[in-house]
Amino acid sequence: MFNKRIKIKELLTQEPNGQEVIVMGWVRTFRNNQFIALNDGSTNNNLQVVVELGKFDDELLRRITTSASLKVTGIIEPSLGKGQKMDLKAATIEILGDSDAEKYPLQPKKHSLEFLREKAHLRFRTNTFGSVFRVRHALAFAVHKFFNDKGFLYMHTPIITASDAEGAGEMFKVTTLPVDGSATRDDAGKIDFKEDFFGRATNLTVSGQLEGELGATAFGDIYTFGPTFRAENSNTARHLAEFWMIEPEMAFYDLEDNANLAEEFIQYLIKYVIENNKEDLEFLAQRLAEEEKQLPQDKRSEMGLIEKLEFVLANSFERLTYTEAIDILKNSNQNKKKKFQYEVTGWGMDLQSEHERYLVEKHFKKPVILTNYPAAIKSFYMRLDDNCEPGKQTVSAMDILAPGIGEIVGGSQREERLDKLEARMKEMNIPSEEMWWYLDTRRFGTVPHAGFGLGFERMVQFVTGMTNIRDVIAFPRTPGSAEF
RNA sequence: UCCUCCUUAGCUCAGUUGGUUAGAGCAUCUGACUGUUAAUCAGAGGGUCGUUGGUUCAAGUCCAACAGGGGGAGCCA
């Protein structure tokens, strides 16, 4: 019977007054052959277990090593030492699992994040990753709470799909055909996917949006929250081959409604974590400040982590159109002095990440919602804006750019007019026959609707201040790397 | 995929213009001490210098390829 234990997080909120408790956890350090710092993952704060001299066998004490797991019973008393308010005076100590100190790779000292990435199966036992993953959990919970409270329906869209949602991005193939080249070929010498498990070529999803639209045009408001896969050979601190994305889709929403929801959503998530994970945020803020001490002054953040989050809560996001952004960039000193690696050539160009960073981090110094991009650089399903200047056709797209992260949200009002949508698909070589089911939403009771995708890991990065996306997902999948 | 930097003890790192037996702190082990806070003190063990090949009388040090990792870029969320 193990479940009579009290979690350390809860115990530490109590007043020490001689209560008898059972705790279980892992040893962080054993100081002075007398003080065990015990952690059970419920909080970064350890419980100090006091081992009275002569009360326990030396044999037992020798087995209390870093990361050994213990069951301890005893009495809670006010601590005689300075660092903590209570001690657990041990009556019994049971070693649940030994941890060979010569082989256990983590020590009670500072390890580099790169080193811990290679020990991803054990890094949860550190303070940094303890905080990161508790915050990640809180954010995931807050996502569901936000949408549930608003009456959105949580929709599970398929992970195996036959459609290439945005015509962009390499996809992972899903097949049961032999990979040694012996699969049946058709007359043209191509692999005959009629022989495959699903009777057609299938992939891992790159987005649940198209299926989400089917839900939205029946339920009104839906959201998805699931894994997404991109087989791009991207090697950066903000890309994963497997990541989690939240994609709300709303009927009877236009672009402005969409932007309002996205802004409210992001602020809600931040507020939830500030209110519910104060200790973890404080730890992460301190960690980030220490890390930034190593950087040259001009590369350090102007605000501390919590200060930054509170700033984002207190100020509305800057909204401007793509056209206005191009004007700002073109007239910036940075551009006039040719300090951009990619010159701002003018209307129609795609923004490079240095341009986005300039707008967010230098010009506005807060999150920015960029809208109404040129149609030529955006996806087929985005709604064409009416009354555009000749040669400057735009779509009702929006990207939300966050300081230090870049694009955190991408969304749009969807093209609900069948004729315009079909014309656009033809233009962009999207096979409309295969998408008959998608087009049916426009054939039968089409409505104005909109939605967006929020990269969950990027949101976790923004809130925790972790600079590498591989440190905010338990087991990162990146090109050449799928250990664990 | 491109550019760039890195790879020396379990970890973090030093190692001079190529030249005897490759060092430090922490960790580990042994002992001491015992109200400690990454405890402290003393001693000990621990290395095919990422891999392969080359240059040289001599390579941790120079050159090349490969592997792994960091930072930046592209693609994107």
Side-chain angles (χ1 to χ4, degrees), chain A residues 28-37 45-54 58 61-62 65-66 77-84 87 89 99-119 126-127 165-170 206-209 227-247 262 294-295 299 340-342 350-354 356-357 377-379 399-402 405-411 452-462 467-473 478-481 483:
Chain A
R28 282 288 173 84
T29 65
F30 185 23
R31 285 186 293 270
N32 217 351
N33 228 10
Q34 200 179 172
F35 303 99
I36 303 168
N45 296 314
N46 301 320
L47 176 67
Q48 172 153 290
V49 176
V50 178
V51 179
E52 286 170 282
L53 285 171
D58 282 356
L61 298 187
R62 252 194 292 279
T65 53
T66 304
E77 292 182 344
S79 181
L80 300 176
K82 289 227 169 87
Q84 55 287 314
D87 290 341
K89 195 167 269 186
S99 173
D100 186 338
E102 289 202 69
K103 292 187 181 142
Y104 183 66
L106 306 185
Q107 292 149 27
K109 60 171 263 187
K110 191 160 275 175
H111 287 291
S112 69
L113 295 174
E114 293 82 9
F115 171 72
L116 291 170
R117 226 168 274 156
E118 289 171 12
K119 305 276 179 288
T126 64
N127 284 337
E166 309 184 25
E170 288 293 309
V206 294
S207 164
Q209 178 200 317
T228 307
F229 307 88
R230 303 273 167 95
E232 296 289 341
N233 192 4
S234 307
N235 289 284
T236 78
R238 51 185 188 285
H239 287 90
L240 292 165
E242 175 182 295
F243 63 98
W244 289 67
M245 187 154 65
I246 295 133
E247 297 180 288
Q294 322 276 328
L295 298 175
K299 294 219 168 158
F340 284 127
Q341 199 187 327
Y342 294 87
D350 211 347
L351 297 180
Q352 302 294 323
S353 63
E354 60 172 340
E356 297 179 346
R357 270 209 311 277
I377 57 171
K378 286 291 183 182
S379 305
D399 281 0
I400 302 187
L401 311 174
I405 306 289
E407 185 179 342
I408 196 165
V409 161
F452 62 85
L454 174 122
F456 187 57
E457 281 76 18
R458 289 187 182 175
M459 187 67 204
V460 180
Q461 277 189 276
F462 185 73
T467 50
N468 193 312
I469 200 166
R470 296 163 193 198
D471 296 329
V472 299
I473 188 166
T478 53
S481 172
E483 184 105 48

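Quick note on labels: first sequence line is chain A, next is B, and so on, each numbered from 1. Keep in mind that this is a model prediction, so the values were computed, not measured. Because only heavy atoms are used, hydrogens play no part in the values below, and waters and symmetry mates are left out as well, while side chains stay in.
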Checklist entry - Can you list the stems that RNA chain B is part of, where a stem is at least 3 pairs in a row, each Watson-Crick or G-U, with both distances below 3.5 Å? => result B:1-7 with B:67-73, B:10-13 with B:23-26, B:28-32 with B:40-44, B:50-54 with B:62-66
Next on the checklist: With rounding to the closest Å, how many angstrom separate the P atoms on B:A73 and B:U37?
Outcome noted: 44 Å
Next on the checklist: How many whole angstroms separate atom CG of A:Asn233 from atom C1' of B:C3?
Outcome noted: 15 Å
Checklist entry - Does the side chain of A:Ile408 come within less than 4.5 Å of A:Met459's, by heavy atoms? => result yes
Next on the checklist: From C-beta outward on A:Ala101, which listed nucleotide comes closest to its side chain: B:G74, B:G35, B:U28?
Outcome noted: B:U28
Next on the checklist: Given B:C76, B:U37, B:G70, identify the nucleotide with an atom nearest to the side chain of A:Glu114.
Outcome noted: B:G70
Item to check | Earlier contact from the 5' end, RNA chain B, for A:Ser481 and A:Glu354 | outcome: A:Ser481
Checklist entry - When the distance from CZ of A:Arg230 to C1' of B:U1 is rounded to whole Å, what number comes out? => result 18 Å
Checklist entry - Between A:Asp87 (side chain) and A:Lys89 (backbone), is there a donor-acceptor pair under 3.5 Å? => result no
Item to check | A:Thr65 side chain near A:Asp100 side chain, heavy-atom distance below 4.5 Å | outcome: no
Checklist entry - Counting side-chain heavy atoms from CB outward, which of B:G69, B:G35, B:C75 is closest to A:Gln48? => result B:G35
Item to check | Integer-rounded Å distance: B:U37 C1' and A:Phe30 CZ | outcome: 14 Å
Checklist entry - Looking only at N and O atoms, is any donor in the side chain of A:Ser234 or the base of B:C75 less than 3.5 Å from an acceptor on the other one? => result yes
Checklist entry - When the C1' atoms of B:U1 and B:G46 are considered, how many whole Å apart are they? => result 42 Å
Checklist outcome for this item: Separation of B:C76 atom C1' from A:Asn235 atom CG, nearest Å, is 14 Å
Item to check | Gap in Å between the two C1' atoms, one belonging to B:C29 and one to B:G45, rounded | outcome: 7 Å
Checklist entry - Hey, does A:Arg117 reach any base, or is it just sugar-phosphate, or nothing, if we go heavy atoms under 4.0 Å? => result sugar-phosphate
Item to check | Whole-Å P distance, B:G18 and B:A58 | outcome: 15 Å
Item to check | Contact letters for nucleotides 4-13 of chain B, in which S counts primed atoms plus P, OP1 and OP2 and B counts the base, heavy atoms under 4.0 Å | outcome: ------BBS-
Next on the checklist: Has A:Thr236 got a side-chain atom pairing as donor or acceptor with A:Arg238's backbone, closer than 3.5 angstrom?
Outcome noted: yes
Next on the checklist: Working note: A:Ile473 + A:Leu240, criterion side chain to side chain contact (heavy atoms under 4.5 Å, CB included); need CA distance, chi angles, decisive distance, verdict.
Outcome noted: CA-CA 9 Å; A:Ile473 188 166; A:Leu240 292 165; 3.8 Å; yes
Next on the checklist: Base, sugar-phosphate or nothing for A:Gln84? Non-hydrogen atoms, less than 4.0 Å.
Outcome noted: base
Next on the checklist: Using a heavy-atom cut-off of 4.0 Å across all strands, would you classify A:Leu454 as base, sugar-phosphate, or nothing?
Outcome noted: nothing
Item to check | Under 3.5 Å donor-acceptor, A:Gln461 side chain and A:Thr467 backbone | outcome: yes
Checklist entry - Donor-acceptor pair under 3.5 Å: do we get one between A:Thr236's side chain and the base of B:G72? => result no
Checklist entry - Taking the same atom, P, in B:A22 and in B:C26, what whole-Å distance lies between them? => result 22 Å
Checklist entry - Taking the same atom, C1', in B:C3 and in B:U61, what whole-Å distance lies between them? => result 26 Å
Next on the checklist: Tell me whether the side-chain N/O atoms of A:Arg357 come closer than 4.0 Å to OP1 or OP2 in B:A73.
Outcome noted: yes
Checklist entry - Among all residues two or more places apart in sequence or in another chain, which pass the salt bridge (charged side-chain N to carboxylate O under 4.0 Å, His left out) test with A:Lys110? => result A:Glu290
Next on the checklist: Please tell me if A:Arg31 has a side-chain N or O lying less than 4.0 Å from either OP1 or OP2 of B:C33.
Outcome noted: no
Next on the checklist: Taking 4.0 Å as the cut-off, does a side-chain nitrogen or oxygen of A:Gln352 come that near to OP1 or OP2 on B:G74?
Outcome noted: yes
Checklist entry - B:G50 and B:U16: how far apart are their P atoms, nearest whole angstrom? => result 14 Å
Item to check | A:Lys378/A:Asp399 ion pair, N-O < 4.0 Å | outcome: yes
Checklist entry - What is the nucleic acid contact for A:Lys103, judged by heavy atoms within less than 4.0 Å: base, sugar-phosphate only, or nothing? => result nothing
Next on the checklist: Heavy atoms from C-beta onward define the side chain here; which of B:G74, B:G72, B:U34 lies closest to that of A:Leu53?
Outcome noted: B:U34
Checklist entry - Just how far, in rounded Å, is P of B:A32 from CG of A:Leu61? => result 14 Å
Item to check | Residue pair A:Asn235 / A:His239, side-chain heavy-atom distance below 4.5 Å | outcome: no
Checklist entry - On a whole-Å scale, what distance lies between the C1' atoms belonging to B:U12 and B:A38? => result 14 Å
Next on the checklist: I'd like to know if the side chain of A:Asn127 pairs up with that of A:Arg28 as donor and acceptor (distance under 3.5 Å, no hydrogens or angles considered).
Outcome noted: yes
Checklist outcome for this item: Of the candidates B:G68, B:A73, B:U28, the side chain of A:Glu118 sits closest to B:G68
Checklist entry - Given atom CD1 of A:Ile469 and atom P of B:G71, what is their separation to the nearest angstrom? => result 12 Å
Checklist entry - Which part of the nucleic acid does A:Ser353 contact within heavy-atom distance under 4.0 Å: base, sugar-phosphate only, or nothing? => result sugar-phosphate
Item to check | Side-chain (A:Thr29) to main-chain (A:Arg31) donor-acceptor, under 3.5 angstrom | outcome: no
Next on the checklist: How many whole angstroms separate atom CZ of A:Arg238 from atom C1' of B:G70?
Outcome noted: 15 Å
Checklist entry - Quick one: A:Glu170 CD to B:C76 C1', roughly how many Å, whole number? => result 13 Å
Checklist entry - Is the phosphate of B:C29, meaning OP1 or OP2, less than 4.0 Å from a side-chain N or O of A:Arg62? => result no
Checklist entry - Quick one: does A:Thr126's side chain get under 4.5 Å of A:His111's, heavy atoms only? => result no
Checklist entry - Is there a side-chain contact between A:Tyr342 and A:Asp350 (heavy atoms, below 4.5 Å)? => result no
Checklist entry - Under 3.5 Å, is there an N or O donor on one side and an acceptor on the other linking the side chain of A:Asn468 and the base of B:G70? => result no
Checklist entry - Has the side chain of A:Asn32 got a donor or acceptor that lies under 3.5 Å from a partner of the other kind on the base of B:U40? => result no
Next on the checklist: Of the listed nucleotides (B:G35, B:U37, B:C76), which one gets closest to any side-chain atom of A:Gln34?
Outcome noted: B:G35
